Every structure is written in structure tokens, then in C-alpha cells.
Amino acid sequence: MLIATWNVNSIKQRLDHAIRFLEETQPDVLCLQELKCQDEAFPGERIEALGYNLAVHGQKAFNGVAILSRHPISDIRRGLPEGDGDDHSRYIEALVARPDGGVLRVASIYLPNGNPLGTPKFDYKLAWMRRLEQHARALLLLEEPLILAGDYNVIPEPRDVYDAEAWLGDALYQPESRGAFRRLLALGLTDAVRACDDAAGLYTFWDYQAGAWQRNKGIRIDHLLLSPQAADRLSATEIHKATRGWEKPSDHVPVSARFDF
DNA sequence: ATGACCTAACTTTTAGGA
């Protein structure tokens, strides 16, 4: 099975891109982030025509996450637990029926950006990461193949950024943000890309500004975290860098992981 | 050297992104 994640920066603006990616790459599951539309405005028709089932958790103008699956989906959860007062649509989870008869639990995650530092936005990011950690801990007790995929808005390590010094004052590279990401890994989750490739300079985001793409000033912030039962079956990962060169691209590119189930 | 973008919305300016 091929599982992919992509922050599309508006699904309405990027529908042709998403369709092209689905046709060319044929993922079994695609997790989307930053839909920037409400559920009823999600342009699902052409996606469903390709054979995908949809689970959408949208909101007006900002955020919004979805799971597209070629296989039956059930057990849909929208939002993390303990979300009193959190009206951002940043988490959706579903159980996907595997072709081999087993199940696979997948979440599409859009973790808060957290900038600027010293504001409630950064506190919100850290609190959200704590909630994700708690929920991941509970999910791991199920001992299922589990994939927490999405835009984490965290640069895990210096090798994941073109120039670490330039990001020292940014919420994506703060010790607290990176520590919270490491706590997720310490639960027993595996960073899929890093399980397959130790190289520096693997990026998933290039800013629209300042010719970041042309100068390869990228960062790696889109991740697939795997439970042991998923990591055991991981065979390969891919960063679909070419999409960043398409006409009117998203600033993020898809990341995918292949499993031998 | 410097600045350099994109999206949605109560749209001609702002908020949010990263």
C-alpha cells in the first residue's frame, strides 16, 4: 500500500494538482492539509470519480484536513481529544480496510505554525503537540499499523533545513517544538523518511518568497510517523519534489511511504 | 546588496501562513 500526505494550500486552488498526483502516483490513501474550505465546499466529485472515498474536516478560510482512500473507511474521528475551545480543523483520523483483510489507522494532521514566538500562538502550538502526544500514546496501545501523517510544522534536526541559523528565531525550529517532536518519537513512533534515508537536504517545503525553490532553500516539515506494526512493513519512502515545479504549485510537496501490506 | 509570495475574505486592505 502507498500512503501519502500533502499540504495543498487550498484544495480549490490545487484541485488539478491533486487529481494529477492521484492519477500519476495512485496512492491508496492521500492525507490532505490546509483545505481552506468548509466541508460543503470541498470539491469531491472528480476525486470520487477516481475511486476515492472521502473523510473531510474543513473550516472556513483556514486549516482543514481530509483523508482520501481507495479502500473502505470507518471509525472517523474529527479533532483531537481534550479540544474544549479549540475550533481549528487540524486533525482527522480513520480506519482503512487493507486489501489483505487487515486494518490500517491513518491520521491527517495540520499542526499549528506557532509564529510569532512570545504570543499565544506559540503556546497553542505546544499545547496542541501535548494533546497529540497523549492521543498517540492511546492509539499505540491498540497495537495496530498506524500512520500519523501531515504537516507537523516542525524542523526536526539541523540536517532538515538549508540554514539552521536562519530559523533560530522561528517557531518551527524552537527547542520546545523539536523536543515535543522527539517525545512523539520516544513513544515508539518511527519517522518514515528517516528510516529510509539519512541524507541531509531532504526538504518538503520551499517558501514562495525570495526564490526559495530556485535556490533550494527548503525545510523538512511534512512527516509520516509510524507505529511499530507499520514500521515493520515499511519498504520505501518518496518526497515528490517535482510537484513544486508545477504551474502555480503548493509551497509543500507530497511525501509518501510504501508498505508491504 | 536588497527584495523578492500566496490565499481567503464582511476584498482596494488585512490576517495567516512558514
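It should be emphasised that the depicted structure is a prediction, and the values quoted were computed from it without experimental measurement. Chain letters run A, B, ... following the sequence lines, proteins first, then strands; residues in each count from 1.
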Check every strand shown and say whether A:Lys121 touches a base, only sugar-phosphate, or nothing at a heavy-atom separation below 4.0 Å.
sugar-phosphate
Could you please name the option among B:dA8, B:dA18, B:dA4 that lies closest to any side-chain atom of A:Lys36?
B:dA8
Name the nucleic acid region contacted by A:Asn63, choosing base, sugar-phosphate or nothing; use a 4.0 angstrom heavy-atom cut-off, strictly under.
nothing
A:Ile219 has its side chain closest, among B:dA8, B:dA4, B:dA18, to B:dA18
Tell me what A:Asn153 touches on the nucleic acid: a base, only sugar-phosphate, or nothing, going by heavy atoms under 4.0 Å.
sugar-phosphate
After noting the C-alpha distance and the side-chain angles of A:Thr243 and A:His17, does the key distance pass the side-chain hydrogen bond (donor to acceptor under 3.5 Å, both in side chains) rule?
CA-CA 8 Å; A:Thr243 62; A:His17 300 63; over 6 Å; no
On a whole-Å scale, what distance lies between the C1' atoms belonging to B:dT11 and B:dT7?
12 Å
Is any side-chain nitrogen or oxygen of A:Lys60 closer than 4.0 Å to OP1 or OP2 of B:dT7?
no
Ignoring hydrogens and geometry, is there a side-chain-to-backbone donor-acceptor pair from A:His252 to A:Thr5 under 3.5 Å?
no
Anything under 30° is parallel, anything over 60° is perpendicular, the rest tilted; go ahead and classify A:His223 against A:Phe181.
tilted
Atom-pair distance (CG on A:Asn9; P on B:dA8), nearest Å:
8 Å
Residue-phosphate contact under 4.0 Å: A:Arg14 side-chain N/O, B:dT7 OP1/OP2:
yes
Counting any heavy atom closer than 4.0 Å, what does A:His88 reach on the DNA or RNA strands: base, sugar-phosphate only, or nothing?
nothing
Give a yes/no answer on whether the side chain of A:Arg220 brings an N or O atom under 4.0 Å of OP1 or OP2 in B:dA18.
no
A:Ala61 near the nucleic acid: base, sugar-phosphate alone, or nothing, with a heavy-atom cut-off under 4.0 Å?
sugar-phosphate
Mutual orientation of the aromatic rings belonging to A:Tyr203 and A:Trp206 [parallel < 30°, tilted 30-60°, perpendicular > 60°]:
perpendicular
A:Lys12 side chain: which of B:dC6, B:dA8, B:dA4 is closest?
B:dA8
Reckon A:Tyr152 touches a base, only the sugar-phosphate, or nothing at all at heavy-atom distances under 4.0 Å?
nothing
Checking contacts here: which listed nucleotide (B:dA18, B:dT7, B:dG17) is nearest the side-chain heavy atoms of A:Gln13?
B:dT7
Given B:dG16, B:dA18, B:dG3, which nucleotide is nearest the side-chain atoms of A:Phe62?
B:dG16
When you check the phosphate oxygens OP1 and OP2 of B:dA18, does a side-chain N or O of A:His252 lie under 4.0 Å from one of them?
yes
Rounded to whole Å, please give me the gap between CG in A:Asp160 and C1' in B:dA18.
15 Å
Roughly how many Å is it from CG in A:Asp151 to P in B:dG16, rounded to a whole number?
17 Å
Separation of A:Asp207 atom CG from B:dG3 atom C1', in whole Å?
13 Å
Confirm from the modelled atom types if A:Asn113 and B:dA18 form a donor-acceptor pair under 3.5 Å, side chain to base only.
yes
State whether A:Ser10 places a side-chain N or O below 4.0 Å from either non-bridging phosphate oxygen (OP1 or OP2) of B:dA8.
yes
So A:Asn7, base contact, sugar-phosphate only, or nothing? Heavy-atom distance under 4.0 Å.
sugar-phosphate
More 5' along DNA chain B: A:Lys248 or A:Arg90, using each one's nearest nucleotide?
A:Lys248
Does a side-chain N or O of A:Gln209 approach OP1 or OP2 of B:dG17 to a distance below 4.0 Å, or not?
no
Within this structure, what is the CZ-to-P distance between A:Phe205 and B:dC6, rounded to whole angstrom?
12 Å
Treating A:Asp251 as the side-chain partner and A:Phe205 as the backbone partner, does any N or O pair qualify as donor plus acceptor under 3.5 Å?
no
For A:Arg258, I'd like to know if atom CZ has over 12 heavy atoms of other residues, nucleotides or ligands within 6.0 Å.
no
For residues A:His71 and A:Pro99, determine if any side-chain heavy atom of one lies less than 4.5 Å from a side-chain heavy atom of the other.
yes
Can you find a side chain N or O atom of A:Tyr110 that sits less than 4.0 Å from OP1 or OP2 on B:dA18?
yes
